[in-house]
Amino acid sequence: MFAPAAPILARLAALPALAGWAVRSTAEEGSRKVLPAVELECIAAEMQDARNGAVLVSVEWAVHLVVARSAAAFTSLDAAFAAVVAALHHWTPGTTAPAWSPLILARVNQPEVVEQGLIAATSPGRLQRI
């Protein structure tokens, strides 16, 4: 269920639009102070079907884009968001077993502005294991 994290992170890290961004998983140890940052998080999993010992699980991943407050924050988030969606929407992480369906953009949350001076935008996607 969590195997796609590594190829997703590798794909994000290779994006020219994210050069200079910290690319990390929320499961990793380390400081969250390095900004701007892209954080990958597994936020949900739902059983879609179960037959004859096989289970179809839909896993929901969130990609959080985090920047410091500034006059250019939304411009930076827009560029990063466009690159992330272009790289991940309808992309399949890996070609080996188990088989995974392509990532599909499920929703986009509005940016969250927090008191510590950070702005985060989230774009979850769905990934199904068959």
A side-chain contact here means heavy atoms from C-beta on lying under 4.5 Å apart; do Val66 and Leu35 qualify? yes

Do Leu88 and Ile8 touch side chain to side chain, with heavy atoms closer than 4.5 Å? yes

Would you check if Trp61 and Leu40 make a side-chain contact, meaning some heavy-atom pair closer than 4.5 Å? yes

Tightest non-hydrogen contact, residues Leu105 and His89, listed as N-ND1, 3.1 Å

Provide the closest heavy-atom pair for Trp100 versus Pro93 in the form atom of the first, atom of the second, distance. CD1-O, 4.3 Å

Excluding sequence neighbours, so at least two apart, what forms side chain to side chain donor-acceptor pair (under 3.5 Å) with Glu41? His64

Give the table of side-chain donor-acceptor pairs shorter than 3.5 Å for residues 11-24, with sequence neighbours excluded, one pair per line with atom names and distance.
from  : atom 1 : to    : atom 2 : distance (Å)
Arg11 : NE     : Ala87 : O      : 2.6
Arg11 : NH2    : Ala87 : O      : 3.1
Arg24 : NE     : Glu39 : OE2    : 2.7
Arg24 : NH1    : Val34 : O      : 3.2
Arg24 : NH2    : Arg32 : O      : 3.3
Arg24 : NH2    : Val34 : O      : 3.4
Arg24 : NH2    : Glu39 : OE2    : 3.1

Using side-chain heavy atoms (C-beta onward) and a distance below 4.5 Å, is Glu28 in contact with Thr26? no

What pairs of donor and acceptor atoms, side-chain ones from residues 75-86 against any protein atom, are under 3.5 angstrom apart with sequence neighbours left out?
none

With side chains defined as the heavy atoms from C-beta onward, is the minimum distance between His90 and Leu103 less than 4.5 Å? no

Do Trp91 and Pro102 make a side-chain contact, defined as non-hydrogen atoms from C-beta onward lying under 4.5 Å apart? no

Do Ser101 and Thr92 come close enough that some side-chain heavy atom pair is under 4.5 Å? no

